[in-house]
Amino acid sequence: MPDFGKQILAVNGLSMVFGGLRALDRIDLDVRQGEVVALIGPNGAGKTTFFNCITGLYAPTEGDMLISPPRKDKNIRLNGLKPNLVTEQGLARTFQNIRLFQNMTVLENVMIGRHCRMSAGIAGAIFRNRATRHEEQQVVEESYVILQKIGLAQYVNDFAKNLPYGAQRRLEIARAMATDPFILLLDEPAAGMNTRETEELDDLIEKIREMEGISILLIEHDMKLVMSISDRIFVVDYGKKIAEGTPEEIKSDPAVIKAYLGEESDA
Amino acid sequence: MFSIEEVKKSFLVSIWFMFLTFPIMVIRVNTIYKIVEWRWERMFYIGIGTFVISFIWRYLMRRKEMGVKKKEVGEDALPLAQRLLQNRRVSYPAIALVAVLALIYPFVFSLYQANIMITALIYVVIALGLNIVVGLAGLLDLGYVAFYAVGAYAYALLNYHFGLSFWVVLPIGAAIGALFGIILGFPVLRLRGDYLAIVTLGFGEIIRLILENWNEFSFGPSGIANIPRPSFFGIDLSLAETTRFVYFIMIGLTIFTIFVVNRLENSRIGRAWIALREDEVACQAMGIDKTKTKLTAFALGATWAGMGGVVFAAQTTFINPASFTIWESVIILCCVVLGGMGSIIGVILGALVIKLLPEYLREFSQYRMLLFGAILVIMMVFRPGGIITSVRRTYQFKGKSNRHA
């Protein structure tokens, strides 16, 4: 196992209760710098709920979520932070069912990602002073560079809704990248993609990790993808963590096999 | 095209319309001679008319469907009017022509016409304000007229009690409008869509009912009279001159509004509004402060209604709560939807059409509102995106081939 840097995300005993349903039951998870970590489990296991808790969309019932951004030298508690503030801290996510801004252009979608790194206010917008103009110009250029990296530059002025499916998935990643994160949370990035698109995605994730130094936490059902890119895998079922380890360890873990294939009956 | 099937369909349509219009078009009770007149020839006209119209209607519907198919294939051609507007060689002379017309208008046409135009321009300004809330931020506000009322009463009351002049109250009215926008914004932060519409509807009614019932404060249903018209450096103007003056104030205010709204739309804040409209959850997850974005939309939208209200009070010199009913909110919303949500030129055209059309349809007297309604329905069937649909800004990058959105 390669040597990774310090721990940048640490989740301890995270629980989420909806009425009588324990969607998450004391989950522990950690991500180290430069790592690709996968979160897998059967449908309804609570993976997306886990993402929603970390990104501030849900307020978890109990547990701690801590980040220590590589650029800063302190720990920040994510509990109770609003989604936009979580993003500002450097966690960016994509969505399982694509949630692009359909009637905005591809470039504008990415520019929205940079929103929290900009500062122009109402007065700036109206008077369009030099600082604002400079900032706008810079954001347009930076966004275009991101689109080039993700391979979407040819669509720059198209509406997001007119993009092919695979390109929409990649645009979600581009938009998340624009928020300048140190960790990227990908919720089923390969869902609905064909084999070739999945391979391209594999390369893209690898590239993001290598070139940008962004760690990745992903939820995925495509086992081939998960096994090839993950450094570590966490498995959840019915809101409980049932296993964690390297892809090899997970492949042979009896609890994981039981959750995915069902128990052998004695009869 | 003229298959038996089609003829049969049209025939049924004409029978149906003859039946529907029978009571109002055919029967007429002559109260003087106490007899019933049967005007059968009218039934015949309606039958023939609807028969022909139904063919035209079907032809247009087919064309529209073909347009939709084209869009799906990706040949998304902008309508002719829009392509012309984007061409500078057409748009610049067009703007110049509109500017000249706007300048000579109150001198060429009568006082009555100028007054109609002032009212229409007030609606242009407040519709552009509502466009921020509904068109850009996607927050359906059915109580928008409340801010208009707030502006009008701000001028009337501040003038009555403290003798403040129009020019002093204009920015104050805008500020009070914005303040009320925020007051409405806070309780509805968590609401969206239908729920938001109902709460804003209630807010609009609350403001109207307060104005109607709090006699000590607002003089109740009898309203406030003798509100002074705008002063012109203390010079006494005749009625005609004042009207022209108000007209030019409104032209100035309209240009100011267009300028500001256009800049807001293509700014960091404008993009945040549109993102909020498109997807609230994704918008937050991308680092946009939902609270702040919603409140700025409500505040900056209400500002224009506040200003419009001040001018309205100054123009009519009399206001009472009856001018600020839910009906006005609906009309302003119509301006935005008919014109094209999010499109500045569209909203301007929408407001002009909605305020001017009923005036020029007066010749048709009793059929005026019927025709107006029919035009709205036809518009929405054939151009659901409004007169001018909004176009997003495109960017060019050196050495790259770009396709247009």
Side-chain angles (χ1 to χ4, degrees), chain A residues 52 55-57 82-88 91-95 98-109 111-122 124-128 132 135-136 139-141 143-144 148 153-160 162 172 175-176 178-180 185, chain B residues 71-74 76 136 138 178 256 259-293 295-297 299-300 303 341-342 385 389-405:
Chain A
N52 287 346
T55 52
L57 289 173
K82 279 202 208 160
N84 55 304
L85 294 177
V86 172
T87 308
E88 233 167 88
L91 272 84
R93 72 171 291 180
T94 67
F95 293 90
I98 301 174
R99 301 191 84 135
L100 288 169
F101 306 120
Q102 303 279 345
N103 291 307
M104 296 175 91
T105 65
V106 167
L107 188 76
E108 281 177 320
N109 266 276
M111 285 166 79
I112 285 289
R114 290 216 73 76
H115 183 94
C116 58
R117 307 289 172 222
M118 297 167 75
S119 59
I122 296 169
I126 295 171
F127 299 114
R128 215 171 268 181
T132 310
E135 189 183 64
E136 277 287 314
V139 164
V140 169
E141 276 159 20
S143 303
Y144 189 66
Q148 279 176 321
Q154 85 238 46
Y155 299 115
V156 66
N157 281 327
D158 285 343
F159 275 129
N162 294 339
E172 275 227 320
R175 191 179 63 175
T179 65
D180 205 5
L185 311 175
Chain B
K71 238 178 218 174
E72 277 165 7
V73 179
D76 193 354
L136 296 180
F256 177 61
F259 174 79
V260 172
V261 174
N262 179 43
R263 287 222 156 161
L264 284 174
E265 193 184 325
N266 286 311
S267 72
R268 172 173 177 260
I269 295 169
R271 277 195 304 273
W273 285 335
I274 299 171
L276 187 75
R277 174 188 78 192
E278 293 294 317
D279 193 319
E280 203 171 308
V281 173
C283 163
Q284 278 177 286
M286 287 306 117
I288 292 173
D289 188 341
K290 188 179 83 172
T291 312
K292 217 163 139 191
T293 308
L295 286 181
T296 50
L300 287 173
T303 306
M341 288 209 270
T389 41
S390 68
V391 180
R392 293 309 304 162
R393 190 167 163 197
T394 54
Y395 296 85
Q396 300 297 322
F397 296 92
K398 275 167 257 135
K400 302 279 178 290
S401 64
N402 287 318
R403 298 194 296 157
H404 286 272

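Here is how names work: the chains are called A, B, and so on, in the same order as the sequence lines, proteins then strands, and each is numbered from 1.
By number of non-hydrogen pairs under 4.5 angstrom with chain B, the leading residue of A:Ala160, A:Gly113, A:Ala92, A:Ser119 is A:Ser119. Listed options B:Gly342, B:Ser267, B:Ala275, B:Ala272 were ranked by heavy-atom pairs under 4.5 angstrom with chain A; first place goes to B:Ala275. Ranked by non-hydrogen atom pairs under 4.5 Å with chain B, the options A:Glu88, A:Glu141, A:Glu108, A:Arg117 are led by A:Glu108. For chain B, the option among A:Leu100, A:Thr179, A:Ile112, A:Asn109 with the highest count of heavy-atom pairs below 4.5 Å is A:Ile112. Put simply, of A:Arg114, A:Arg99, A:His115, A:Met111, the one with the most heavy-atom pairs under 4.5 Å next to chain B is A:His115. Between chain A and the options B:Leu264, B:Leu300, B:Val261, B:Val281, the largest number of non-hydrogen pairs under 4.5 Å is found for B:Val281. Between chain A and the options B:Asp289, B:Asn262, B:Thr291, B:Ile274, heavy-atom pairs under 4.5 Å are most frequent for B:Asp289. Note on A:Ala178, A:Gly56, A:Ala125: by heavy-atom pairs under 4.5 Å with chain B, the leading option is A:Ala125.
Between the side chain of B:Glu278 and the backbone N or O of A:Gln102 there is at least one donor-acceptor pair closer than 3.5 Å. A:Glu135 places no side-chain N or O within donor-acceptor distance of the main-chain N or O of A:Met118, the cut-off being under 3.5 Å.
Salt bridge annotation for B:Lys290-B:Glu280: present, with a cationic side-chain nitrogen under 4.0 angstrom from a carboxylate oxygen.
For A:Leu91, no part sits under 4.5 Å from any heavy atom of chain B, backbone or side chain. Contacts of A:Leu107 with chain B are made by side-chain atoms alone, with heavy-atom separations under 4.5 Å and no backbone atom involved.
Counting non-hydrogen atoms of other residues, nucleotides and ligands closer than 6.0 Å to CE of A:Met104 gives a total above 12.
Summarising the geometry, atom CG belonging to B:Leu276 is positioned 9.0 Å from atom OG1 belonging to B:Thr296; distances are rounded to the nearest 0.5 Å. Taking CH2 from B:Trp273 and OG1 from B:Thr293, the interatomic distance works out to 9.0 Å, rounded to the nearest 0.5 Å.
Heavy-atom minimum distance, B:Gly138 versus B:Arg277: CA-CG, 3.7 Å.
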